[in-house]
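Have a look at the structure below before the remarks.
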There are 2 protein chains.
Amino acid sequence: MENLTTRQQEIFDFIKKEIEFNGYPPTRSEIAKVFGFKSPNAAEDHLKALKKKGVLNIISGASRGISINKEDIGIPVIGLVSAGGPILAQENIEKRIPSSQNILSHGVDFYLRVKGDSMIEAGILENDLIAVNKKAQIKKGSIVIARINDEVTVKTLKSISPELVILQPENSNYSDIEVNPKVEELSFEGTCVGLLRDFA
Amino acid sequence: MENLTTRQQEIFDFIKKEIEFNGYPPTRSEIAKVFGFKSPNAAEDHLKALKKKGVLNIISGASRGISINKEDIGIPVIGLVSAGGPILAQENIEKRIPSSQNILSHGVDFYLRVKGDSMIEAGILENDLIAVNKKAQIKKGSIVIARINDEVTVKTLKSISPELVILQPENSNYSDIEVNPKVEELSFEGTCVGLLRDFA
DNA sequence: TTCAATACTGTATATAATTACAGTTATGGA
DNA sequence: TCCATAACTGTAATTATATACAGTATTGAA
């Protein structure tokens, strides 16, 4: 997918929102009206551009025949996180899971595939997908996605202070991880707000 | 919601399927064509009936202005199962979770809220939602939703033969349940194909 | 500097789509 | 028996919609 221009992204987001809200896509005129275009053809041009860039599909002749390509809907699933870059970098995205907005009570920014068995006593198994909210407040007792020296890990946050953060695995075979944020690089990618398991 | 007639249910299901597949609702003519109506007005009549029964909404004047009422989309979540009736009876439906079709690799007929801790060693905790497929083959080793003498339970199917079915809890504090289908009433409501947990 | 792409205005038209009106047939109550 | 509901056919008109064509202005890359 080529990158969209600011304007194109706006149009695209509007279409997406309309589909979600109304249950059907907008017409050219409706787009034009919302964006203040004096001609429906401005919308037509945008649709053509968006189609060309591969983010949506237009069924010729059909009214409201706009559909958003599946890959562009949905919440990204992060498999292995490559070192260095941001967690949501394109190369980390394993696939996408359709909207699912209302499935969980919190917003989900991405899903993270669980590696290892360090959380089994919290009912989190290997290969489960953890639903992560990036903005939810990081607090004691919640399950957090932390990045320590560029390595991503999922643990319960046992305690947090300026010079000592304790991350607790939920598996009696493992011991707590103690990090001094002033010495080691520590950041929080988000909080676990849900879990998805697929018995494939 | 009043009950739909067979025909109305067919039309409704078709509309739902179209929205999911195409991303936008069908026109009257498209409905008529699929069902073999010679007049688009037959579809119009059906839409009016469906609207009257409250399962969908029609935006007058808008092409493809059909939207399905949120309560009628989605997969039902079953909380407590009342004795006697079928598991999917209206009174058992706690809420509905939007489509999510492609979230799990198997089809999901309903979600069942887990009571108790008998499956914690399989990573299934109390209040988790188990995704259930009604038609998937019941086989040894899979987690099944069984009904024994009208009581619904989730267990691993350890062994199955005409006179002895062994259901195994995944919790060392509990012991296996042995059922003779010839003596006790035993039926399978489905197989567990996934799990959903919401950290509310 | 020339060209393609972006971002529109303005006009026009074929056709897609909604939807009313007038019927027909069958069914199952009241 | 009468009437409402369901499930259609058939016709037709209004309006909603897609979409082509002809422009204009701006920008950034070749």
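The figures that follow rest on heavy atoms only: side chains count, while hydrogens, waters and symmetry mates do not. Just so it is clear, the structure is predicted and the values come from calculations on it, not from any experiment.
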#### Entry: Members sharing Ile120(A)'s hydrophobic cluster (side chains within less than 4.5 Å)
Leu125(A)
## Note on the structure
Between CD1 of Ile31(A) and P of dA7(C) the distance, given in whole Å, is 14 Å
Compile the donor-acceptor pairs under 3.5 Å between side chains in residues 160-173 of chain A and protein atoms, sequence neighbours left out, one pair per line.
from	atom 1	to	atom 2	distance (Å)
Ser161(A)	OG	Leu164(A)	N	3.3
Ser161(A)	OG	Leu164(A)	O	3.0
Glu170(A)	OE2	Thr156(A)	OG1	2.7
Asn171(A)	OD1	Asn173(A)	N	2.9
Asn171(A)	OD1	Asn173(A)	ND2	3.3
Asn171(A)	ND2	Asp117(A)	O	2.8
Ser172(A)	OG	Glu121(A)	OE2	3.2

### Message
Starting from Ile59(A) and following side-chain heavy-atom contacts under 4.5 Å between hydrophobic residues (I, L, V, M, F, W, Y), which residues can be reached?
### Response
Tyr24(B)
### Listed partners of Lys140(B) passing salt bridge (charged side-chain N to carboxylate O under 4.0 Å, His left out), at least two apart
none
#### Entry: Separation of atom CD in Glu10(A) from atom C1' in dT6(C), rounded to whole Å
14 Å
### Reading 5' to 3' through nucleotides 17-26 of chain C, protein heavy-atom contacts under 4.0 Å coded B for base, S for sugar-phosphate only, - for none
SSBBBB----
### Query
Quick one: how far along DNA chain D does chain A reach, first to last nucleotide 5' to 3', anything under 4.0 Å to a heavy atom?
dT17(D) to dA22(D)
#### Entry: Any residue meeting side chain to side chain contact (heavy atoms under 4.5 Å, CB included) with Glu184(A), in chain and number order, not counting sequence neighbours
Ile148(A), Asn149(A), Val179(A)
Sequence neighbours left out, cut at 3.5 Å: what donor-acceptor pairs do the side chains of residues 33-43 of chain A make with other protein atoms?
from	atom 1	to	atom 2	distance (Å)
Ser39(A)	OG	Asn41(A)	N	3.0

### Task
Go through the structure and list residues passing salt bridge (charged side-chain N to carboxylate O under 4.0 Å, His left out) with Asp128(B), not counting sequence neighbours.
Arg197(B)
### Summary
Those residues at least two apart in sequence (or on a different chain) that pass side chain to side chain donor-acceptor pair (under 3.5 Å) with Ser118(A) are Lys155(A)
#### Entry: Atom-pair distance (NZ on Lys33(B); P on dA16(C)), nearest Å
11 Å
### Task
Report the residue from Asn57(A), Leu47(A), Thr27(A) that forms a side chain to side chain contact (heavy atoms under 4.5 Å, CB included) with Ile66(A).
Leu47(A)
### Query
Between the two ends of the helix from dT1(C)-dA30(D) to dA30(C)-dT1(D), what is the bend in degrees, rounded to 10 degrees, where each end axis spans five pairs?
30°
### Query
salt bridge (charged side-chain N to carboxylate O under 4.0 Å, His left out): which pairs involve residues 4-14 of chain B, sequence neighbours left out?
Arg7(B)-Glu10(B)
